[in-house]
Amino acid sequence: MTRPLRPALAWQLRQGSVLVYVIWFGVAVPLVIVGLLVEPRWVGWIMLAWFAVLLVFTLAMRRADVRLQKAWARAAGELGWRISAAGPEVAERWPFPPFDADPQAGVAEVTTGRHRGREFVAGEFRHRVRRRNLGFDFLDLQVDRPLPPLQVLPAGLGSVAAASLLPLRLEVAGLPGRYDLFNGREDHAQALLHPGAVEVLTGVAPFGFSCEGRRFVAIFPAYRDTTTALAQLDAACDLLDLMPEQLWREGEQWAATKSS
C-alpha cells in the first residue's frame with residue numbers, strides 16, 4: 001500500500017506546481033535555446049528533459065484537481081448542497097486556533113448545506129505560517145450548545161493546521177496513529193476521545209477538529225476524493241452525536257464565564 005504524502009508536502013506540491021508555468025516560459029525556454037546553440041549541446045537537452053518532466057507533473061496535478069472538483073460538485077448537486085465563492089465573513093466565523101493566526105487568511109471552494117439535521121459550511125482554508133503558505137479542508141458543523149476550547153489533530157495535520165503551536169501527545173488506546181492536543185485542556189480531549197469516538201475515528205481517514213463556543217470545525221487534509229470527504233462528514237457528525245454531556249456542561253460554564 002502506498003504511503004500518502006504528509007499534508008504539508010502535498011499542499012505545497014499542488015500549490016507550487018503553478019509556478020512551473022512561470023519557470024517554463026520565463027526562464028526555461030531561453031535557457032534551453034541557449035543550451036542547444038552552444039557546446040556541449042547535451043547540456044541543453046538535459047535541461048529540456050528536466051523541465052519537460054516538471055511540465056508533465058504540473059499538468060497531471062491540474063488534471064487531478066479538476067477531477068476532484070468535478071466529482072465533488074456532482075455529489076453536492078445530487079445532495080442539494082450549494083457551492084459558491086467565499087466572502088471574507090466566512091473566515092471570521094472562527095476566532096480561535098488555527099483560524100486566527102493569520103489576519104490575511106482566506107477560504108475558497110465553499111460548500112453549504114444540511115446533513116443529518118445539521119447546517120454546515122465546508123471548504124478550503126488558506127493561511128500563512130512562518131513564511132509558508134499552507135492550507136487544509138474544513139467542515140463547520142452546527143451545534144446548539146457551546147463547547148469548551150479544544151483543538152485535537154492527528155500528528156500529520158499539525159504541520160498545516162497548527163504549525164505555530166506546540167503539541168501535547170494524547171495517550172488514548174485504540175486511536176489510529178498519533179493524535180496531539182494543540183489547544184484546550186487534556187482532560188477535555190480525553191473525555192471526547194471515549195471508546196465510541198475512537199471507533200468512529202478508526203473507520204475513516206485521519207482528521208481532527210477545533211471547537212470553541214458554538215463552533216465545531218472538523219479539519220482534514222486538502223485534496224480528498226469525494227468518497228473520503230463524505231465518509232469524514234458522517235464521522236464528524238457522529239463525533240457530535242456522541243459528545244459526552246460533561247463537555248456540553250463544561251462548554252456552558254466556559255461561555256458563561258467569558259460573557260460575564
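None of the values given here were measured: they were computed from a predicted structure.
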**Student:** Check the orientation of Phe209 and Phe216. Use parallel for under 30°, tilted for 30 to 60°, and perpendicular for over 60°.
**Tutor:**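 Answer is parallel, since the angle falls under 30°.
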**Student:** If you look at every heavy atom in Ala229 and Arg224, which pair is closest and at what distance?
**Tutor:**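 Taking Ala229 first and Arg224 second, the nearest heavy atoms are CA-NH1, 3.4 Å.
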**Student:** Below 4.0 angstrom, N of the basic side chain to O of the carboxylate: do Arg169 and Glu186 qualify?
**Tutor:**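 Not counted as a salt bridge, because no side-chain N and carboxylate O are separated by less than 4.0 Å.
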**Student:** With the side chain counted from C-beta on, respond yes when Leu170 and Asp180 share a heavy-atom pair under 4.5 Å apart, and no when they do not.
**Tutor:**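 Contact flag for Leu170/Asp180 side chains = no.
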**Student:** Same cluster or not: Tyr179 versus Leu240, using hydrophobic residues (I, L, V, M, F, W, Y) connected whenever any side-chain heavy atoms lie under 4.5 Å apart?
**Tutor:**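 Result: yes, single cluster for both.
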**Student:** Salt bridge between Arg214 and Asp140, side-chain N to carboxylate O under 4.0 Å?
**Tutor:**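 No, no charged N to carboxylate O under 4.0 Å.
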**Student:** Determine whether Asn183 and Leu150 make a side-chain contact, defined as any pair of heavy atoms from C-beta on separated by less than 4.5 Å.
**Tutor:**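 No - every pair of side-chain heavy atoms lies 4.5 Å or more apart.
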**Student:** Does this structure show an ion pair linking Arg145 with Glu245, if we count only N-O contacts that are shorter than 4.0 Å?
**Tutor:**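 Judged by the 4.0 Å cut-off on N to carboxylate O distance, Arg145 and Glu245 do form a salt bridge.
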**Student:** Measuring from Asp234:CG to Leu239:CG, what's the distance to the nearest 0.5 Å?
**Tutor:**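 Going from CG on Asp234 over to CG on Leu239, the span is 11.0 Å.
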**Student:** When rounded to the nearest 0.5 angstrom, what is the spacing between OG1 in Thr112 and CZ in Phe120?
**Tutor:**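 Separation between the atoms: 7.0 Å.
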**Student:** Could you report the tightest heavy-atom contact between Ala236 and Leu141, atom names first, then the distance?
**Tutor:**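 Where Ala236 meets Leu141 most closely, the heavy atoms are CB-CD1, 3.7 Å.
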**Student:** Between Phe207 and Pro154, is any pair of side-chain heavy atoms under 4.5 Å apart?
**Tutor:**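 No, side chains not in contact.
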**Student:** Once rounded to the nearest 0.5 Å, what's the spacing between atom CG of Leu201 and atom CD of Gln232?
**Tutor:**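 CD of Gln232 is found 10.0 Å from CG of Leu201.
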**Student:** Would a 4.5 Å heavy-atom cut-off, applied to side chains only, mark Ser210 and Leu153 as touching?
**Tutor:**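 They are not in side-chain contact.
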**Student:** For Ala75 versus Thr226, what's the shortest heavy-atom pair and its separation?
**Tutor:**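 Distance-wise, the nearest heavy atoms are CB-CG2, 3.7 Å.
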**Student:** Phe138, Val152: one ILVMFWY side-chain cluster at the under-4.5 Å cut-off?
**Tutor:**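 Unlinked, Phe138 and Val152 end up in two clusters.
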**Student:** Hydrophobic cluster membership, with links at side-chain heavy-atom distances under 4.5 Å among I/L/V/M/F/W/Y: are Val172 and Leu247 in one?
**Tutor:**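 Yes; Leu247 is reachable from Val172 via cluster members.
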**Student:** Give the minimum heavy-atom separation between Thr228 and Ala205, together with the two atoms involved.
**Tutor:**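 In terms of heavy atoms, the two residues are closest at CG2-CB, 4.0 Å.
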**Student:** Any non-hydrogen side-chain atom of Ile83 less than 4.5 Å from a side-chain atom of Val110?
**Tutor:**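 In short, these two side chains do not touch, never coming nearer than 4.5 Å.
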**Student:** Could you tell me which non-hydrogen atom of Cys237 sits nearest to which non-hydrogen atom of Arg116, and how far apart they are?
**Tutor:**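 Taking every non-hydrogen atom into account, CB-CZ, 3.6 Å.
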**Student:** For the residue pair Val204 and Ala231, what are the closest heavy atoms and their distance?
**Tutor:**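 Looking at all heavy atoms of both residues, the closest pair is CG1-O, 3.8 Å.
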**Student:** How long is the span from the CD atom in Gln151 to the CG atom in Leu181, to the nearest 0.5 Å?
**Tutor:**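 The CG atom of Leu181 is 8.5 Å from CD of Gln151, to the nearest 0.5 Å.
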**Student:** Quiz question: by atom type and distance under 3.5 Å, do the side chains of Gln142 and Asp144 form a donor-acceptor pair?
**Tutor:**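 Checked: Gln142/Asp144 side chains pair up, N/O donor to acceptor below 3.5 Å.
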**Student:** Could you check whether any side-chain heavy atom of Trp248 comes within less than 4.5 Å of a side-chain heavy atom of Val143, counting everything from C-beta outward?
**Tutor:**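 Of all side-chain heavy-atom pairs linking Val143 with Trp248, at least one is under 4.5 Å.
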**Student:** More than 12 heavy atoms of other residues, nucleotides or ligands under 6.0 Å from CD of Glu199: is that the case?
**Tutor:**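 Count not over threshold, so no.
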**Student:** Under 4.5 Å between side-chain heavy atoms, hopping through other hydrophobics if needed: is there a path connecting Trp72 to Leu139?
**Tutor:**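 Yes; tracing contacts between hydrophobic side chains, which count when under 4.5 Å, links both residues.
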**Student:** Tell me whether Val107 shares a hydrophobic cluster with Val121, the cluster being built from Ile, Leu, Val, Met, Phe, Trp, Tyr side chains joined at under 4.5 Å.
**Tutor:**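 Looking at the clustering, Val121 is in the same group as Val107.
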**Student:** Any donor-acceptor pair under 3.5 Å linking the side chain of Trp81 with the backbone of Arg114?
**Tutor:**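 The answer is yes, because a donor-acceptor pair under 3.5 Å joins these two groups.
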**Student:** How about Leu192 and Met243: do any of their side-chain heavy atoms sit closer than 4.5 Å?
**Tutor:**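 Yes, their side chains come closer than 4.5 Å.
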**Student:** Just so I know, are the side chains of Phe99 and Val217 near enough to count as touching, which here means a heavy-atom distance under 4.5 Å?
**Tutor:**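 In short, these two side chains touch, coming nearer than 4.5 Å.
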**Student:** Is the backbone of Glu250 close enough, under 3.5 Å, to the side chain of His188 for a donor and an acceptor to pair up by distance?
**Tutor:**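 Such a contact is absent between His188 side chain and Glu250 backbone.
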**Student:** For the ring pair Phe136 and Phe220, is the centre-to-centre distance below 6.0 Å?
**Tutor:**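 Aromatic pair excluded; centres sit 6.0 Å or further apart.
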**Student:** Drop me the distance from Glu212's CD to Arg215's CZ, to the nearest 0.5 angstrom.
**Tutor:**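 Between atom CD of Glu212 and atom CZ of Arg215 there are 11.5 Å.
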**Student:** Once you round to the nearest 0.5 Å, how far does CG of Leu233 lie from OG1 of Thr111?
**Tutor:**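 Answer rounded to 0.5 Å: 10.5 Å.
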